[in-house]
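Take a look at the structure below.
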Amino acid sequence: MKYFEQAKEIWTKHVPKNGQSDIVEGELIRAIEKLRWEAQSNGNGNWDEGFELLASYILKILNDNEVFKPDALLEIKSDVNTLLTSEYEPYLEDDLYDRLADRVVEWHLAKNGPIKRAINPNLYR
């Protein structure tokens, strides 16, 4: 992971102990780590639409052609697609999750964040 310290700082400052972050970058990191934990620690045993919403949120925000070049966008889309199709075969390696977390930091820096967000009442994870 290229930006471990920066991602850790986002986690520490913007991810609450429970519930969603009111900062986009915090919610992205929280989503990535919830997806990582569900796959690596639980084998996606609790996979449901809440996890799909988390993965879709990552794609919605990071699919930003003002920040990322086409090759990076393809990688982001591929990584999120891997997560969205991994209900029965969880992705267990750290590389994909670390790569997405690095993209969050890059997005954060490009947007001069942190960026405020509204809590999604439909997301209970």
Side-chain angles (χ1 to χ4, degrees):
M1 196 172 164
K2 290 188 334 188
Y3 303 110
F4 177 80
E5 290 303 321
Q6 293 92 329
K8 181 179 172 184
E9 182 177 345
I10 291 170
W11 176 272
T12 302
K13 288 183 176 180
H14 302 296
V15 178
K17 291 189 187 292
N18 295 303
Q20 299 173 46
S21 175
D22 63 352
I23 300 296
V24 173
E25 298 91 317
E27 187 61 12
L28 288 167
I29 294 290
R30 187 184 83 86
I32 292 164
E33 294 309 319
K34 288 197 75 75
L35 290 161
R36 183 192 314 247
W37 184 89
E38 179 60 20
Q40 293 177 347
S41 298
N42 202 29
N44 284 352
N46 292 320
W47 188 272
D48 61 14
E49 72 179 47
F51 290 103
E52 292 174 9
L53 284 171
L54 292 172
S56 296
Y57 181 74
I58 294 166
L59 182 59
K60 176 184 171 188
I61 301 299
L62 294 184
N63 188 24
D64 186 337
N65 62 9
E66 293 179 3
V67 174
F68 299 110
K69 294 181 179 179
D71 59 330
L73 289 170
L74 284 174
E75 185 178 67
I76 290 165
K77 289 175 188 176
S78 175
D79 286 347
V80 173
N81 187 59
T82 296
L83 295 175
L84 285 169
T85 59
S86 69
E87 178 179 357
Y88 301 109
E89 291 185 38
Y91 192 86
L92 302 175
E93 302 302 318
D94 284 320
D95 62 336
L96 180 150
Y97 305 99
D98 290 349
R99 204 168 33 247
L100 287 171
D102 280 340
R103 296 300 186 189
V104 171
V105 173
E106 292 167 353
W107 185 89
H108 166 74
L109 294 171
K111 297 291 185 178
N112 295 312
I115 308 296
K116 292 287 280 177
R117 72 179 282 272
I119 300 297
N120 181 348
N122 298 318
L123 185 61
Y124 56 88
R125 294 232 168 263

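Computed from a prediction, not measured in an experiment: that's the story for all the values here.
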K17 and V15, any side-chain heavy atoms less than 4.5 Å apart = no
On a heavy-atom basis, the closest approach of I119 and S21 is CD1-O, 3.6 Å
In this structure, CG of D98 is separated from CD of E93 (nearest 0.5 Å) by 10.5 Å
NE2 on H108 to OH on Y3, rounded to 0.5 Å = 12.0 Å
With side chain to side chain contact (heavy atoms under 4.5 Å, CB included) as the test, would you mind laying out the steps for N44 and Y88 before giving the verdict?
-> CA-CA 7 Å; N44 284 352; Y88 301 109; over 6 Å; no
For I76 and N63, run side chain to side chain contact (heavy atoms under 4.5 Å, CB included): C-alpha distance rounded to whole Å, both residues' side-chain angles, the deciding distance at 0.1 Å, then the answer.
-> CA-CA 7 Å; I76 290 165; N63 188 24; 5.6 Å; no
Please say whether more than 12 non-hydrogen atoms of neighbouring residues, nucleotides or ligands are located less than 6.0 Å from CD in E89.
-> no
Does K111 pair with D64 as a salt bridge, N-O distance under 4.0 Å?
-> yes
T12 side chain to K8 main-chain N or O, any donor-acceptor pair under 3.5 Å?
-> yes
Please check if I10 and M1 belong to a single hydrophobic cluster, counting links between Ile, Leu, Val, Met, Phe, Trp and Tyr side chain heavy atoms closer than 4.5 Å.
-> no
Roughly how far, to the nearest 0.5 Å, is the CD atom of E52 from the CG atom of D48?
-> 8.0 Å
I23 and P114 have their tightest heavy-atom pair at CG2-CB, 3.5 Å
Report yes or no: do V80 and L92 belong to one cluster of Ile/Leu/Val/Met/Phe/Trp/Tyr joined by side chain heavy-atom distances under 4.5 Å?
-> no
R36 and Y91, any side-chain heavy atoms less than 4.5 Å apart | no
What is the minimum heavy-atom distance between G19 and P16, and which atoms define it?
-> O-CG, 3.4 Å
Matching residue for L96 among L35, I32, D79 - test: side-chain contact (heavy atoms from CB on, under 4.5 Å) = D79
Are L109 and I58 grouped together when hydrophobic residues (ILVMFWY) are joined by side-chain heavy atoms under 4.5 angstrom apart?
-> yes
Between W47 and L83, the two heavy atoms sitting closest are CH2-O, 3.3 Å
Got a second to check how far E33's CD is from Q40's CD, nearest 0.5 Å?
-> 8.5 Å
Heavy-atom closest contact (L62 atom, L73 atom, distance) = O-CD2, 3.7 Å
Can you hop from I115 to W11 via hydrophobic side chains spaced under 4.5 Å?
-> yes
Side-chain contact, heavy-atom cut-off 4.5 Å: V67 with R103?
-> no
Partner of E27 under side-chain contact (heavy atoms from CB on, under 4.5 Å), chosen from L54, I61, D22 | L54
With side chains defined as the heavy atoms from C-beta onward, is the minimum distance between V24 and W107 less than 4.5 Å?
-> yes
Drop me the distance from H14's NE2 to E25's CD, to the nearest 0.5 angstrom.
-> 7.0 Å
Heavy-atom distance under 4.5 Å between the side chains of K34 and R30, does that happen here?
-> yes
